[in-house]
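Here is the structure we will look at, set down as structure tokens.
Residue numbers start from 1 in every chain, and the chains themselves are labelled A, B, ... in the order their sequence lines are given, proteins ahead of strands.
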2 protein chains.
Amino acid sequence: MIMKMKFKINKKDDLKLFDKFARKLNLKSSRKRDFIIDYFLTLNKHISIEELYNQIKTKIPGIGYSTIYRTLRLLVLCGLATARQFEKGITRYEPVHIKKHHDHFICTRCGQIIEFHNRTIEKIQNNLAHKYHFLIQNHKLEIYGICQKCKKKGRRQWRASI
Amino acid sequence: MIMKMKFKINKKDDLKLFDKFARKLNLKSSRKRDFIIDYFLTLNKHISIEELYNQIKTKIPGIGYSTIYRTLRLLVLCGLATARQFEKGITRYEPVHIKKHHDHFICTRCGQIIEFHNRTIEKIQNNLAHKYHFLIQNHKLEIYGICQKCKKKGRRQWRASI
DNA sequence: CTCATTGCAAACGATTTGCATACCG
DNA sequence: CGGTATGCAAATCGTTTGCAATGAG
């Protein structure tokens, strides 16, 4: 029922787009930024700045948080990344190529996000769309609730936080 | 074609639910908190802490931010409010009663929103949730596309509005 | 009296920014 | 060289928390 999704990543085109964007804004090229962008665009899942920072740090030891933030801001500006807030206070970025057709379970207690894809739901959507003479471009399905771990935790642990 | 949905605001039941929740957690009652809850539950739109604070302040001048925060946290915990981040850095809360049956077709050209509800999609969601041991609290399904009218209009008319 | 609630100020965590330095063309 | 990119530390902003005072049962 649940399918792992495959994405055709067209990094080349994405990089070309960024180049054009960079020229428009008179940006100079930079090894570090280029590396971050290249790295980010190969991802097929959303990522937080912290995660990205830790991963990049292993490749560019001296890298700073601000550089990651500034680079991601540029990517969002030029449309190559999308920023989303699944849970409180943490922004997650996804490369534009995975924007389509993925759905999320989001735990409202611990913030865990489970991605899934379901064909039947999509089929129904298409039927409904047909009924309403609606041409589907894209959709977003988010299911909020409590994940297995948090259900087990029970009341005591979150009681403490009042 | 657009269906106005009616929400039965059942504040009485909501308050009862909170009472039960409060008893379980050994909360004492408090005028201020009760007022905030009552006020919040009559809203039919999401609200930010800042907005709520400013509105409550006109009724209870001495109120503090923390009280609002703490009360909303309780409401989220007991399921009477949902927290969402529509935009970066700001959490908005909505009363549960406007949170149900939240499916939308959204026309990306004219902005028309068609609300709909489909039982089968919900059934599938429940199956998926079961598989992941996930307890569903609510969900949001948004389908973006082009509505009947705009399909007929062709490109010229909506192009002008960009 | 015994706890829970509240307001305030301080703490916090994610993000942004000012500035001096490093880098690119 | 002139201007952009970077790292660092400090500033910011929404939110949380410690604590002393207040309120409820």
Side-chain angles (χ1 to χ4, degrees), chain A residues 18-19 21-40 46-54 56-57 59-78 81 83-93 108-111 157-162, chain B residues 18-19 21-39 46-54 56-57 59-78 81-93:
Chain A
F18 185 81
D19 258 21
F21 171 80
R23 238 173 289 126
K24 241 195 252 173
L25 265 68
N26 289 320
L27 306 184
K28 286 190 175 175
S29 78
S30 118
R31 296 248 175 86
K32 290 176 181 179
R33 185 167 60 204
D34 289 351
F35 183 87
I36 296 168
I37 292 175
D38 193 276
Y39 187 91
F40 176 78
H46 47 76
I47 192 169
S48 69
I49 295 284
E50 193 189 357
E51 288 160 3
L52 190 55
Y53 171 73
N54 287 322
I56 297 282
K57 203 172 47 179
K59 313 282 184 168
I60 312 176
I63 200 75
Y65 257 96
S66 351
T67 306
I68 311 278
Y69 273 110
R70 289 192 265 235
T71 303
L72 266 292
R73 188 201 294 166
L74 287 174
L75 287 172
V76 169
L77 268 177
C78 74
R84 312 194 66 186
Q85 285 71 47
F86 291 111
E87 47 174 332
K88 232 188 221 167
I90 298 177
T91 305
R92 305 189 69 85
Y93 297 85
T108 54
R109 292 209 180 140
C110 71
Q157 294 193 26
W158 48 267
R159 173 67 183 85
S161 67
I162 298 173
Chain B
F18 184 81
D19 256 22
F21 171 79
R23 238 172 289 126
K24 241 197 250 174
L25 265 68
N26 289 319
L27 306 184
K28 285 188 177 175
S29 77
S30 116
R31 296 249 176 86
K32 290 176 181 179
R33 185 167 60 204
D34 290 350
F35 183 87
I36 297 169
I37 292 175
D38 193 276
Y39 186 91
H46 46 77
I47 193 168
S48 70
I49 294 285
E50 194 190 357
E51 288 160 2
L52 190 54
Y53 171 74
N54 287 323
I56 297 282
K57 203 172 46 179
K59 312 282 183 168
I60 313 177
I63 202 76
Y65 257 96
S66 353
T67 306
I68 310 278
Y69 273 111
R70 289 193 265 235
T71 303
L72 267 291
R73 175 160 61 200
L74 287 174
L75 287 173
V76 170
L77 273 176
C78 74
T82 315
R84 312 206 78 207
Q85 284 69 50
F86 290 108
E87 45 177 330
K88 226 189 220 167
I90 299 175
T91 305
R92 305 189 69 83
Y93 298 84

Practice item. Can you tell me the distance, in whole Å, between the CZ atom of B:F35 and the C1' atom of C:dT6? Key: 16 Å
Point to revise | Nearest-Å distance for atom pair CG/P, residues B:L72 and C:dT6 | key: 13 Å
**Study point:** Separation of C:dA14 P from A:E51 CD (nearest whole Å)
**Key:** 12 Å
Review point. Expressed in angstrom and rounded to an integer, what is the separation of A:R23 atom CZ from D:dG3 atom P?
Key: 21 Å
Revision key, fill the gap. Heavy-atom nearest nucleotide on DNA chain D taken for A:Y53 and for A:L27; more 5' hit belongs to A:L27
**Study point:** Expected output: side-chain B:R33 to main-chain B:K28 donor-acceptor under 3.5 Å
**Key:** yes
Point to revise | Flag, side chain of A:D38 to backbone of A:D34, donor-acceptor distance under 3.5 Å | key: no
Check your understanding: Measuring from A:I37:CD1 to A:L74:CG, what's the distance to the nearest 0.5 Å?
Key -> 7.0 Å
Exercise for review: Select from A:I68 and A:N26 the residue whose nearest nucleotide in DNA chain D is closer to the 5' end of that strand.
Suggested key: A:N26
**Study point:** Gap separating the CD1 atom of A:I36 from the OG atom of A:S30, nearest 0.5 angstrom
**Key:** 7.5 Å
Review point. Just how far is it from atom CZ of A:R73 to atom SG of A:C78, taken to the nearest 0.5 Å?
Key: 13.5 Å
Review point. Which pair of heavy atoms, one from B:L52 and one from B:I68, lies closest together, and at what distance?
Key: CD2-CG2, 3.9 Å
Check your understanding: Looking across every strand, which nucleic acid part, if any, lies under 4.0 Å from A:R70 by heavy atom: base, sugar-phosphate, or nothing?
Key -> base
Revision key, fill the gap. Looking only at heavy atoms, the pair that brings B:Y53 and B:G64 closest together is CE1-C, 3.9 Å
Check your understanding: What distance separates B:F18 CZ from B:L25 CG, expressed to the nearest 0.5 Å?
Key -> 9.0 Å
Review point. How long is the line joining CD1 of B:I63 and C1' of C:dC8, in whole Å?
Key: 13 Å
Practice item. Return the value, rounded to whole Å, for the distance between atom CG of B:L25 and atom P of C:dA4. Key: 10 Å
**Study point:** Reading 5' to 3' through nucleotides 20-25 of chain D, protein heavy-atom contacts under 4.0 Å coded B for base, S for sugar-phosphate only, - for none
**Key:** ---BBS
**Study point:** B/S/- contact track for nucleotides 9-15 of chain D, protein heavy atom under 4.0 Å
**Key:** -----SB
**Study point:** d(CD1, B:I60; C1', C:dG7) in whole Å
**Key:** 13 Å
**Study point:** Phosphate contact (C:dG7 OP1 or OP2) by B:K32 side-chain N/O below 4.0 Å
**Key:** yes
Review point. Taking the side chain of B:R33 as its heavy atoms from C-beta onward, which of D:dT17, D:dC8, C:dT6 lies nearest to it?
Key: C:dT6
Review point. In terms of side-chain heavy atoms of A:T67, which of D:dT16, D:dT6, C:dC8 is nearest?
Key: D:dT6
Practice item. Could you tell me whether a side-chain N or O of A:T67 sits under 3.5 Å from a main-chain N or O of A:I63, the two making a donor and an acceptor? Key: no
